[in-house]
Each structure stands twice: as C-alpha cells, then as structure tokens.
Amino acid sequence: QLQLQESGPGLVEPSETLSLTCTVSGGSVRSNGYFWGWIRQSPGKGLEWIGSIYHTGTTYYNPSLQSRVTLSVDVSNNHFSLNLNSVTVADTAVYYCVRRGRGSEFDYWGQGNLVTVSS
Amino acid sequence: QSALTQPPSASASPGQSVTISCTGTSGDVGGYNYVSWYQHHPGKAPKVMISEVNKRPSGVPDRFSGSKSGNTASLTVSGLQADDEAYYYCASYAGSNYWVFGGGTKLTVL
C-alpha cells in the first residue's frame with residue numbers, strides 16, 4: 001500500500017524559507033504517469049494546490065505562488081520536497097503531500113504537516 | 001485563478017440524499033472532464049470519492065455519485081450515514097497544468 005509522509009519544521013519565522021519533504025513508501029516516485037505534489041489548507045479556509053513534479057524533474061506551479069516555490073525530487077531516496085521562500089503569516093497552513101493519479105485525481109495523501117509562520 | 005464555488009454547508013437526515021454543487025467556468029469545470037471530489041474528516045487526510053466527474057475509485061460506496069452540467073459539477077450522497085458527516089471539496093483541472101479547488105462544503109447529517 002502506497003504511503004506518503006511529510007516531515008519538516010512546524011515553526012518558521014517570517015521572511016524565512018519553509019522546507020518540507022515527503023517520503024514515499026510502498027511505491028516509487030519513478031512510477032510512470034504519476035505526478036507528485038503539494039496542497040495546503042490555511043486555517044478556516046479551503047484547499048489550495050501548490051504545485052506538482054514528475055520524476056524527470058518537470059514542474060508545474062500555482063501562478064499565485066510561482067515566484068516563491070520550488071519543488072524537487074530525489075529518485076534515489078524516493079522522496080520529493082517543497083521549498084517556499086519569503087514566508088508570511090499567510091503561509092501558515094497544513095501542508096499535504098499528494099500523488100496525482102492518471103485520472104488527474106489526487107489519489108494518495110500524506111497525513112499533513114502543520115506549519116506555523118511566526119516570530 | 002478563482003476558487004470554485006461551493007455552498008458552505010449542506011444537511012440532511014440519515015437515509016436521505018443530498019447534492020453538493022461546485023460551480024466554475026468554461027476554463028475549468030466546463031472545459032474538462034477532470035473534476036474530482038474529496039471527503040475530509042478534520043485531522044485526517046482527505047480521501048478521493050469521485051474522479052473524472054463520475055468515476056468511483058475502488059472502495060468508495062456506490063452511494064456516492066458525481067455529475068456535471070455546463071460549468072457546474074455535483075456530488076450526490078444517497079442513503080446518508082452518520083460517518084458521511086465531513087467536509088467535501090471539489091477540484092478541477094484548469095488548463096496549463098493547473099488545478100483549482102472549491103472552498104469546501106460542510107455536510108451535516110441531522
């Protein structure tokens with residue numbers, strides 16, 4: 001059974017960089033046809049797609065975050081990562097790592113990692 | 001890109017049916033058959049209930065169904081059960097490798 005697990009700090013200071021890693025088990029990030037990505041949910045708000053990455057390194061980002069976000073993939077260690085720079089309190093959210101299935105649905109989700117931006 | 005529009009809340013009694021709408025534009029919901037629905041119990045990971053407008057992933061009860069007309073997609077839950085009480089989110093492909101979500105609907109089983 002495929003499992004995704006986020007890891008990273010729960011507290012980031014304003015203007016710093018938020019960095020999270022998603023470790024994939026029970027499957028491979030090299031699987032053809034599947035994209036890996038990140039979705040977040042700010043307190044009291046809905047879900048927001050951040051971006052997706054393929055095992056070749058091809059990336060796609062939400063235009064509203066594109067200037068601050070970078071996704072990367074490490075096929076050797078079977079994980080992928082999110083970097084979001086110049087964070088503000090508005091970036092406080094639960095960050096989920098996800099797999100996008102071949103029908104374009106997000107079919108596997110991590111448990112979520114709450115990241116609070118505060119000094 | 002604006003979020004898709006969902007009603008903030010919906011409710012029905014056990015055994016009844018409820019339909020949740022998700023309204024977008026011709027650039028997302030209306031333009032592609034890549035609408036999906038997610039059930040989210042707070043504190044847990046969201047779970048996909050419907051993909052590609054009306055396909056049920058393995059393990060999802062047939063009480064859950066999806067449809068689309070024009071720029072509006074709908075999720076219908078029939079034979080409501082207590083465990084169906086959750087937040088439901090729609091999502092759609094919006095072109096140029098971009099995905100957009102709805103604001104979410106809190107479903108209450110009365």
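Reminder, nothing fancy here: chain letters follow the sequence lines and each chain counts from 1.
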List the atom of [X], the atom of [Y], and the distance in Å for their closest heavy-atom pair.
X: B:Trp99; Y: A:Ser104; answer: NE1-O, 3.5 Å
X: A:Gly110; Y: B:Ala45; answer: O-CB, 3.2 Å
X: B:Lys44; Y: A:Gln111; answer: CA-OE1, 4.4 Å

Is it the side chain or the backbone of A:Ile39 that comes within 4.5 Å of chain B heavy atoms, both, or neither?
side chain
Write out all pairs satisfying disulfide (SG to SG under 2.5 Å) with one or both partners inside residues 37-77 of chain B, taking only residues at least two apart or from two chains.
none
Same cluster for [X] and [Y] if Ile/Leu/Val/Met/Phe/Trp/Tyr side chains link at under 4.5 Å?
X: A:Tyr108; Y: A:Leu71; value: yes
X: A:Tyr96; Y: A:Phe35; value: yes
X: A:Leu47; Y: A:Leu18; value: no
X: A:Tyr54; Y: A:Phe80; value: no
X: B:Tyr88; Y: A:Val94; value: yes

Ring centroid separation for A:Trp49 and B:Phe101, is it under 6.0 angstrom?
no
Distance from [X] atom [atom1] to [Y] atom [atom2], nearest 0.5 Å?
X: B:Asn97; Y: A:Asn62; atom1: CG; atom2: CG; result: 12.5 Å
X: A:Arg100; Y: B:Ser36; atom1: CZ; atom2: OG; result: 10.5 Å
X: A:Ser52; Y: B:Tyr98; atom1: OG; atom2: OH; result: 12.0 Å
X: A:Asp107; Y: B:Ser58; atom1: CG; atom2: OG; result: 11.5 Å

Give the member of B:Pro46, B:Gly104, B:Gly103 that has the highest number of heavy-atom pairs under 4.5 Å with chain A.
B:Pro46
Applying a strict 4.5 Å limit to non-hydrogen atoms, the region of B:Tyr89 in contact with chain A is side chain
Heavy-atom distances under 4.5 Å only: say whether B:Pro57 touches chain A with side chain, backbone, both or neither.
neither
Matching residue for A:Glu105 among B:Tyr34, B:Tyr38, B:Trp37 - test: side-chain contact (heavy atoms from CB on, under 4.5 Å):
B:Tyr38
With chain B, the option among A:Gly37, A:Gly112, A:Pro63 that has the most non-hydrogen atom pairs under 4.5 Å is A:Pro63
The test is side-chain contact (heavy atoms from CB on, under 4.5 Å); show your working for B:Ser96 and A:Tyr60 and say whether it passes.
CA-CA 9 Å; B:Ser96 301; A:Tyr60 301 102; over 6 Å; no
Under the side-chain contact (heavy atoms from CB on, under 4.5 Å) criterion, do B:Val48 and A:Phe106 qualify, and how do the steps go?
CA-CA 7 Å; B:Val48 60; A:Phe106 300 102; over 6 Å; no
